[in-house]
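Just below is one structure, and these are the notes that go with it.
First the proteins, then the strands, lettered A, B, ... as listed; each starts at 1.
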2 protein chains.
Amino acid sequence: MTVTLADVAARARVSPATVSRVLNGNYPVAASTRERVLRAVDDLDYVLNGPASSLAAATSDLVGILVNDIADPFFGIMAGAAQTQIGGPGDGSGRAGGEKLAVICNTGGSPERELTYLTLLQRQRAAAVVLTGGAVESPAHQAAMAAKLAKLADAGTRIVFCGRPPLPEGDALVAALAFDNRGGGRRLTEHLISLGHRRIGYVAGPPERTTTRHRLEGHREALRAAGLEDFPAGGGTAGGPGADGDRLVVHGPYDRRSGYEATLELLRRAPDVTAIVAANDTVALGACAAVRDQGMRIPQDISVAGFDDLPFSVDAVPALTTVRLPLFEAGARAGRLAMGKENPPPGGIATIAAELMIRGSTAAPRS
Amino acid sequence: MTVTLADVAARARVSPATVSRVLNGNYPVAASTRERVLRAVDDLDYVLNGPASSLAAATSDLVGILVNDIADPFFGIMAGAAQTQIGGPGDGSGRAGGEKLAVICNTGGSPERELTYLTLLQRQRAAAVVLTGGAVESPAHQAAMAAKLAKLADAGTRIVFCGRPPLPEGDALVAALAFDNRGGGRRLTEHLISLGHRRIGYVAGPPERTTTRHRLEGHREALRAAGLEDFPAGGGTAGGPGADGDRLVVHGPYDRRSGYEATLELLRRAPDVTAIVAANDTVALGACAAVRDQGMRIPQDISVAGFDDLPFSVDAVPALTTVRLPLFEAGARAGRLAMGKENPPPGGIATIAAELMIRGSTAAPRS
DNA sequence: CTGTTAGCGCTTTCAG
DNA sequence: CTGAAAGCGCTAACAG
């Protein structure tokens, strides 16, 4: 029923090996032969058996792209961009040729799923894996990840981080594109301070994420530099890294609802805040809604700022002050790195600049 | 270097066949033996060779999810939901067991890429394929799709449509979950008409998409029912299906920018429109921006409505009147269908209801 | 440039 | 319930 390479070989009156060679295009074949083979392929409507080919070649054309939440455009944009550099499209040949199959895997932010997907990808002998977005910092998970990635790497899988800092052990195996979350966070808060804000609330992401920590650290650097750090330096009572007793920081997931609720909580704890910085734009939207529902105006009564500069942020009313991350460019570059089309940055790690976007949602506090 | 099933068998003092059986859990194995095997697997840190297994079994554990634009939450939400029903997660076993690898493929809305991805998935002997969102209606592409899907289907790949109408030939091979775009579009425009609007502009999606056509048809049904259809019934001069001479309809891609520009164009053509219906929420955001940049207020000077009810729509100011599509639920159901966990709807096709969400961006026209 | 020959690592009858 | 053996369809040396 199903056409095999041998069938094609028979019809083209060549050996299977030759068919394989023209299909893979990695070996000299006479033009006339190649043409005959190609015709046979078309006539028979032959489709290569991927598993067989991967088994024999000990490598597949799968490239995995791991994301924390594919419903979030932050990841959608990066993943889509990476796929443009990897996927079947570019070659325009119509017939699927030497393309890789770029696939996006949604971990939902769960460390277990991240590991599971990695195992699944390892099982498929993936050609490369791109890990996007913030990592979970629990030591156990980091160790497990390092071990798994090492295994993948020496099975020949290329590893690329995109928008994620390299692992502590700094495997040379990995090319990393890290966003300057700390610098962006710092500049954002500096902006608020320069506007005259002194009590600034912060709606942070989940405490165990690198992204959360870095952005928050930047925020605190700015506060400290301005002598505004009014919380205990050594952290507070809650457990885990980054925990602290600061009444002006509330943690929660990276979603709108969390932004809404955390903001309400913040306003309850400190009704005198004049500005709120959100972990990202989505959270900021929730924060805006909460602020409004409390009968306050943005930015007259309270300023709100986000992070990422997602497409909808400019359309918020007022437009959201935020920090732009070049998500598309970073994703595309990660895709190229995964394909080996581009050389890794010196030292294996590149820091991607974050640009402050000042818009209407922030202004000087009243009086 | 790499551990094989034979190694595990040796260590567990059983035959390779037995190891295979415990791993696949589809055959009776003595509890003690199974345990011994499992321990050997752990000791050796064995990972199944996917290609080899797929080759032997003539089927893989890959499930493809095709989307038009993964940067758009419309697709991100559906795809993510589908993955929750398919991916490695649910079983919680830690070790990757019987899971499928659900992968998202971003076609960018290009028919060629759609076909290419299908070929790639066919090559991988995918267990199932989920196609999401609107289809391109060109007859050539439809024919190519039908042929390709037929081939996939009889290679044992399960096919599921999600948010896409079944193909004209209505293959019984396919389970389809279609959104009621026409009904939703109709109710939305009826709402506007009931508010008193008579000149309603429409920023439509790309003309060749099913989604675009259905939503627009619903809009026209409503206009016609109210006797407001002021354009030539038979269509106008532009080429292609769905083209018409209606000055109040402008087509463009499903993105914010298109919404912005098309709205400007609309306002130029017909400065007297009192309401604008957008192809979807993203487009609506662009439309809102354009309206504001023209110095008009929403909804006092002009009403704006969207479609989809994406998460950010409720946060627009004023909140967007739109049509809610149960994207998550539909995606999850599609995932279940793809896994064979749920029976296909009677007749192979289910229509998913669309719910009108009336919010602040629409109001009665002035005077 | 092209054919021959071995496997790649697993699943699956078929016996026991 | 378990083992033995025969491929699955392709690639990759090696010879020509």
(message) Do L115(A) and H141(A) make a side-chain contact, defined as non-hydrogen atoms from C-beta onward lying under 4.5 Å apart?
(response) yes
(request) Compare all side-chain heavy atoms of L149(B) with those of L167(B) and state whether any distance is below 4.5 angstrom. (result) yes
Rounded interatomic separation in angstrom, taking [atom1] from [X] and [atom2] from [N]:
X: L55(B); N: dG7(C); atom1: CG; atom2: C1'; value: 12 Å
X: R123(B); N: dG9(D); atom1: CZ; atom2: P; value: 16 Å
X: L23(B); N: dT11(C); atom1: CG; atom2: C1'; value: 12 Å
X: L48(A); N: dC8(D); atom1: CG; atom2: P; value: 16 Å

(message) Checking T132(B) now: which residues fulfil side-chain contact (heavy atoms from CB on, under 4.5 Å) with it, not counting sequence neighbours?
(response) I65(B), V67(B), F75(B), M78(B), V130(B), C162(B)
(message) What I want to check is whether the side chains of S15(B) and T18(B) have a donor and an acceptor closer together than 3.5 Å.
(response) yes
Do any N or O atoms of the protein come closer than 3.5 Å to N or O atoms of nucleotides 2-6 of chain D, and which pairs are they?
unit_1, atom_1, unit_2, atom_2, d
dT2(D), OP1, T33(B), OG1, 2.4
dT2(D), OP2, A30(B), N, 2.8
dG3(D), OP2, S15(B), N, 2.9
dG3(D), OP2, S15(B), OG, 3.3
dG3(D), OP2, T18(B), OG1, 2.8
dG3(D), N7, R21(B), NH2, 2.6
dG3(D), O6, R21(B), NH1, 3.2
dG3(D), O6, R21(B), NH2, 3.3

(request) Would you check if the side chain of T59(B) reaches a backbone N or O of A127(B) as a donor-acceptor pair within less than 3.5 Å? (result) no
(message) Would L118(B) and L66(B) count as a side chain to side chain contact (heavy atoms under 4.5 Å, CB included) here? Give the steps.
(response) CA-CA 9 Å; L118(B) 249 20; L66(B) 266 57; 3.7 Å; yes
(request) Using heavy atoms to find the nearest nucleotide of DNA chain D for A57(B) and S20(A) separately, return the residue whose nucleotide is more 5′. (result) A57(B)
(request) Check whether any side-chain N or O of N49(A) sits under 4.0 Å from OP1 or OP2 of dC8(D), and answer yes or no. (result) no
